[in-house]
2 protein chains.
Amino acid sequence: MASAPLTTEVLVATSRALLVEGGADAVVVREVARRLGVTAPALYRYVSGRDDLLTLLIAACTEEATSVCMEALEGCGIDDVEARLRAATLAFRAWALAHPSEFGLVYGTPILHYAAPEEGPTVEAGRRFGRLFGSLFVDLLETRRLRAIDDALLPPAVRQALVDTAARLGLPMRPGEVYPFVVGWHRMLGIVSVEVTGHLHWAFGGDTTAFIHLQFEELFDDLLLPVVR
Amino acid sequence: MASAPLTTEVLVATSRALLVEGGADAVVVREVARRLGVTAPALYRYVSGRDDLLTLLIAACTEEATSVCMEALEGCGIDDVEARLRAATLAFRAWALAHPSEFGLVYGTPILHYAAPEEGPTVEAGRRFGRLFGSLFVDLLETRRLRAIDDALLPPAVRQALVDTAARLGLPMRPGEVYPFVVGWHRMLGIVSVEVTGHLHWAFGGDTTAFIHLQFEELFDDLLLPVVR
DNA sequence: TACGGTCAGTGAACACCGTTCACCTGCGCT
DNA sequence: AGCGCAGGTGAACGGTGTTCACTGACCGTA
């Protein structure tokens, strides 16, 4: 009984169900096949093996995270950049918390010995996600809400790296303007990672929401300039 | 040829070598036995299975991280609390970077479906590590270097949780004093996690040290009061 | 209508895994 | 000398990823 037409989407969806149920180790080729009413070798027509399955899964989850954040943007006025940044950040955190397994797969400890293929779907999906936040920071800069720092305050190595990164990403920013972008990304991911992996449990038990929101507000204070009126 | 006497230490050391070589998936009971010149079932005299092996490994790595941080403390004057905090933090970061696999095992995505045994060696080792940083913050408080905040600034839920945590840990602190401790722990772990997992590569390539040190200094600025003289 | 070819899926097989079990085997103690 | 037992073995079970030769259904063409 081959109920489903056996597209890669179906493969990914089934893999994801297994991931959620039992972690990355539980994503097992034979079980995916079993749930699709088919034997394992059949999957090799669509996928080159387990690693490929995981690659597709990572890419799909990254896409979903990106979509969730973009949908959150739609709720706020196009001109309120602060609200957009807040919405995207909180949406990302909410997605991560609701899908810890997926988050772990994408942003957690890289499965050593599983090297994501260069220029594969995962890195492209990652770029899409990065561009989303990048464009928010461009908007912040244009509306004079970005708390940039003096280039001279940056150690030369950092300054140079930021110049290169801005060039590579095509961001029309000087290092002191790229800096808050990188800091924002870095701290946001750190905040969420530590929360999702449960390393705040010892302090707050199961309810970390209030604390995390506080951390985000402190981060926004560091990143944003007050509205000029 | 049973060269080594087959203590749990030897088991852990061998498992760790496998971990470093090929990630958590590569710590394989049969291979551990093979390297010890013994067959797999022999290990079951010393260890109840693969999960037990991983548990011991996690505990050992946590112990090592703790030791590394404590040794770093010895280098600085007993009265210079700021130097001690800085030394411990940088030592932790250096250890994590030098041992990404071990760090991932301890602080990375929890291996879902692998539940660390309650009250096992892992949680005790974790407590030891937490106490180290906790005592640093107690010292900061006593030497009036801790940038505490007004209790009233904390949302009620956060405040109450911090009161409970302080009581449970036996820390003689009010919530506004516990807060920077938790924030410090949270941000430090976040900073290190994101760096170790390589999610700063897009901005800095392989050399993230300067940026990370900058982040730590910003963190210390938020945590510490200037010396009163 | 009959034929050839492509595609999707199968079953068996290989090598490996964690784990259990009955079975030694050699040492120390009585 | 003989017993007991800690420590190690080999075989086995059920599971895994992956490969391979194979079947069978479908489809365009002669």
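All heavy atoms count here, side chains included; hydrogens, waters and symmetry mates do not. Every value quoted in this text rests on a predicted model; they were computed, and no experiment measured them. First the proteins, then the strands, lettered A, B, ... as listed; each starts at 1.
- The CG atom of A:D25 sits 17 Å away from the P atom of D:dG15 (whole-angstrom rounding).
- With D:dG8, C:dG9, C:dT10 as the choices, the nucleotide that has an atom nearest any side-chain atom of A:Y46 turns out to be C:dG9.
- Look at A:R45 and you won't find any side-chain N or O under 4.0 angstrom from OP1 or OP2 of D:dT18.
- When the side-chain nitrogen and oxygen atoms of B:Y44 are compared with OP1 and OP2 of D:dG7, none of them lie within a distance under 4.0 Å.
- Ring pair A:F181/B:W202 is tilted by interplanar angle, where 30° to 60° counts as tilted.
- Between B:T39 and D:dG8 there is no side-chain N or O to OP1 or OP2 distance below 4.0 Å.
- In the interface, the side chain of A:R30 is not paired with the base of D:dG15 through any donor and acceptor atom under 3.5 Å apart.
- Within the 4.5 Å cutoff, side-chain heavy atoms of A:Q160 are placed close to those of A:V163.
- When distances run from any side-chain atom of A:A42 to the nucleotides D:dT18, D:dA11, C:dG9, the shortest one goes to C:dG9.
- Atom CG of A:L43 is separated from atom P of C:dT10 by 9 Å (rounded to the nearest Å).
- Following rounding to the nearest Å, B:D52 (CG) and C:dG18 (P) show an atom-to-atom distance of 14 Å.
- Side-chain contact between B:F103 and B:S193: present, with at least one pair of heavy atoms (C-beta onward) separated by less than 4.5 Å.
- In the set D:dT16, D:dG8, C:dG9, D:dT16 carries the atom at the smallest distance from any side-chain atom of A:V28.
- Between the P atom of D:dT18 and the CD atom of A:E31 lies a distance of 16 Å, rounded to the nearest Å.
- Using cut-offs of 30° and 60° for the angle between ring planes, the A:F211 and B:Y179 rings count as perpendicular.
- In this structure, CZ of A:R34 is placed 11 Å from C1' of D:dG14, rounded to the nearest angstrom.
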